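Quantities reported herein were computed from a predicted structural model and do not represent experimental measurements.
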Amino acid sequence: DIWRRKQQCWAETDLWAPTWRELSEFIRPNKKRAGEVRTPGGKQTERLYDPTAVNANRKLANFLNGAVISGSTRWFNLTTGDPELMREHEVAVWLDDTATRMYSAFQQSNLNAVAPQAFSSLSALGSAGIFMDERERVYPGFNGFQFKVLPLGQFACDQDGEGNINVLYYDFQLTAKAAAAMFKDLPQYLKEASEQRPFEKFWFTQAIEPRQGGDGLKATKMAYASYIIEHREKNILREKGFHEIPFFVPRWETEEGEVYGRGCGHIALPDIRSLNKVKELGLQALALQVRPPLQVPQDGVLGGTARLTPAAQNVMIGDREIKPIDLGHDLKSEMVKGEELRESIKSCFHRDIVEPLSKNYMTATEVIQALELVYRELGPTLGNVQNGWLKPMVNRAFNMMFRADAFLPVPEVLAGANLDIEYEGPLARAQRTGDITALQTALALSAGVAQMDPQAVDNIDSDEVIRY
């Protein structure tokens, strides 16, 4: 049944694979493409003539990584959502200490190496895959987080009735030697391969599905079951469970009825194709201008063959001469068209909001205004990233560390309280800039009124203003 469900899920994924391969070829050429069997060390840019899309996507991905998941400052806080409860000193201290411990665990993991790759896939291909688990246990207690990027096209997923991804089938390869070290009950063909051909690679699938009630086949009951299946005989080699979803599939934007997202690369693809063709034809035209075809008189060169190397001498018979053939190429028009396409591609990757923030001479006000523009342009996308990646990732991090007793004792007043996440990255702060500006304006107006009627200040709750 697991294998049958996997095949049904992969049927839709296969429809997306050709587009992902083309997008990867022109935007992320160094990354593995959907369904591709790649030769190690092989060239990946045979058809790429212009790197405009590659650079534009990299800049956007790096910008989003720094603006959403900052590596220098904590980008989230924990809150109860209850203003009265948040005024309790011990609650505020515990929540701040807990968030600090979680952020420290993120910093000590490989999240900062994985996140840029995920944002690159997200903007170019429309979707990304990230797997999160605990590091291999070396000592009792919490051992830290381990993240892994799942290449798009190497996994299939499905969503529940609310549009949340909750099923994953991830295909991966292991050598026979590695499989023998990981699994106890191997089929006969893998046992023989581990002894005779230890470095031969075989395909496996990790299937992660919500449990439909009851205990698992081999693992204790948890909310999500994980099965490792070998491809040849379809045997389940290992089963384990997860308390919460261990993978995240953020999507740039989604259409009704579609599981996977569409990103900037889908919009820019026609221009990317055109630009590469214009650049290819322009290089051919340039070669024809540098070394044009020649018009050579029949039997006009002594020896019969014209020499075209530098400083070569050709002895002509009579007054005949070798002439280049003018094919009438206009490189200027091709350069203008190419520049138009480059500007269009950069615009698809939001250059107008990314490049201003890369300047080093902006004032604080200009930075705030630029971040507000980013939020207006990318607000829906940031919402998808938060719901599909950041929120479940922080929730899983909290639960994993809580189960490992990695936090201070919970204050009694927090018993039964629900915790929520507040994002504190640069873009999250930009979302609240409008409210702060309105508050500043209101205080300035109140100061003017207070000069005429000092009692009007009584309407302002100064403690609440400071907390805000």
Minimum side-chain heavy-atom gap [X]-[Y] below 4.5 Å:
{"X": "Met400", "Y": "Phe242", "result": "no"}
{"X": "Val54", "Y": "Leu48", "result": "yes"}
{"X": "Thr175", "Y": "Pro198", "result": "no"}
{"X": "His350", "Y": "Leu378", "result": "yes"}
{"X": "Phe202", "Y": "Glu230", "result": "no"}
{"X": "Lys391", "Y": "Phe76", "result": "no"}
{"X": "Ile208", "Y": "Phe155", "result": "no"}
{"X": "Leu60", "Y": "Cys264", "result": "yes"}

Scan residues 193-204 for pairs that pass salt bridge (charged side-chain N to carboxylate O under 4.0 Å, His left out), counting only residues two or more places apart or in two chains.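 Qualifying pairs, neighbours excluded: Arg197-Glu200.
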Judged by modelled atom types alone, do [X] and [Y] share a side-chain donor-acceptor pair under 3.5 Å?
{"X": "Asp420", "Y": "Thr79", "value": "no"}
{"X": "Thr80", "Y": "Asp82", "value": "no"}
{"X": "Ser347", "Y": "Glu343", "value": "no"}
{"X": "Thr73", "Y": "Tyr103", "value": "no"}

| request: Walk me through it: do Phe407 and Met102 pass the test side chain to side chain contact (heavy atoms under 4.5 Å, CB included)? | output: CA-CA 9 Å; Phe407 300 140; Met102 292 170 61; 3.8 Å; yes
Under the 3.5 angstrom rule, does the side chain of [X] hit a backbone N or O of [Y] as a donor-acceptor pair?
{"X": "Arg101", "Y": "Ala406", "result": "yes"}
{"X": "Ser120", "Y": "Pro116", "result": "no"}
{"X": "Asp271", "Y": "Leu341", "result": "no"}
{"X": "Asp97", "Y": "Val93", "result": "no"}
{"X": "Ser344", "Y": "Glu340", "result": "no"}
{"X": "Ser121", "Y": "Ala118", "result": "no"}
{"X": "Ser24", "Y": "Arg21", "result": "no"}

How long is the span from the [atom1] atom in [X] to the [atom2] atom in [Y], to the nearest 0.5 Å?
{"X": "Asn110", "Y": "Phe147", "atom1": "CG", "atom2": "CZ", "value": "7.0 Å"}
{"X": "Ile345", "Y": "Arg342", "atom1": "CD1", "atom2": "CZ", "value": "8.5 Å"}
{"X": "Asn57", "Y": "Phe26", "atom1": "CG", "atom2": "CZ", "value": "14.5 Å"}
{"X": "Leu190", "Y": "Asp185", "atom1": "CG", "atom2": "CG", "value": "12.0 Å"}
{"X": "Ile27", "Y": "His266", "atom1": "CD1", "atom2": "NE2", "value": "9.0 Å"}
{"X": "Glu280", "Y": "Tyr49", "atom1": "CD", "atom2": "OH", "value": "3.5 Å"}

[X] bridged to [Y] by N-O distance under 4.0 Å:
{"X": "Glu134", "Y": "Lys240", "answer": "no"}
{"X": "Asp158", "Y": "Arg5", "answer": "no"}
{"X": "Asp133", "Y": "Arg396", "answer": "yes"}

- prompt: Given Asn143 and Glu136, is the side chain to side chain contact (heavy atoms under 4.5 Å, CB included) satisfied, shown in steps?
  reply: CA-CA 7 Å; Asn143 285 255; Glu136 184 177 355; over 6 Å; no
Please name the pair of heavy atoms, one in [X] and one in [Y], separated by the smallest distance, quoted to 0.1 Å.
{"X": "Leu414", "Y": "Val410", "answer": "CB-CG1, 3.9 Å"}
{"X": "Cys9", "Y": "Cys157", "answer": "SG-O, 3.1 Å"}
{"X": "Pro270", "Y": "Ile267", "answer": "CD-O, 3.5 Å"}
{"X": "Ala115", "Y": "Asn65", "answer": "CB-OD1, 3.2 Å"}
{"X": "Phe106", "Y": "Ala397", "answer": "CZ-CB, 3.5 Å"}
{"X": "Phe145", "Y": "Arg135", "answer": "O-NE, 3.3 Å"}

Ring pair (Phe, Tyr, Trp, His ring centres under 6.0 Å) against Tyr224, all qualifying residues, sequence neighbours excluded
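Residues passing ring pair (Phe, Tyr, Trp, His ring centres under 6.0 Å) with Tyr224: none at all.
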- CD of Glu412: more than 12 outside heavy atoms within 6.0 angstrom?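 Atom CD in Glu412 is not packed in, count stays at 12 or less.
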Point to revise | Within 6.0 angstrom of Lys234 NZ, more than 12 heavy atoms from elsewhere | key: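 It does: Lys234 NZ has more than 12 such atoms within range.
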- request: Report the residues that fulfil side chain to side chain contact (heavy atoms under 4.5 Å, CB included) with Lys6, sequence neighbours left out, ordered by chain and then residue number.
  value: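 Testing Lys6 for side chain to side chain contact (heavy atoms under 4.5 Å, CB included), a comparison that skips the adjacent residues, returns Trp3, Trp10, Tyr169, Asp171, Thr205, His231.
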By side chain to side chain donor-acceptor pair (under 3.5 Å) - contacts of Lys279 (at least two apart):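 With neighbours one apart ignored, the set is empty.
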Practice item. Quick one: list whatever passes side chain to side chain donor-acceptor pair (under 3.5 Å) with Glu233, sequence neighbours left out. Key: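 Side chain to side chain donor-acceptor pair (under 3.5 Å) list for Glu233, sorted by chain: Asn235.
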Listed pairs under 3.5 Å, donor-acceptor, residues 245-253 side chains, sequence neighbours left out:
residue	atom	partner	partner atom	Å
Arg251	NH1	Gln159	OE1	3.1
Arg251	NH1	Val259	O	2.7
Arg251	NH2	Gly163	O	2.9

Look at the rings of Phe172 and Phe204 and say which category their plane angle falls in: under 30° parallel, 30 to 60° tilted, over 60° perpendicular.
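Judged by the thresholds at 30° and 60°, the geometry between Phe172 and Phe204 is parallel.
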Report the C-alpha distance between Met393 and Ile130 in whole Å, list the side-chain angles of each, state the deciding distance to 0.1 Å, and finish with yes or no for side chain to side chain contact (heavy atoms under 4.5 Å, CB included). CA-CA 10 Å; Met393 181 178 71; Ile130 306 102; 5.9 Å; no
(Q) Using side chain to side chain contact (heavy atoms under 4.5 Å, CB included), reason through Ile272 and Glu25 one step at a time and then give a plain yes or no. (A) CA-CA 11 Å; Ile272 294 172; Glu25 185 175 16; over 6 Å; no
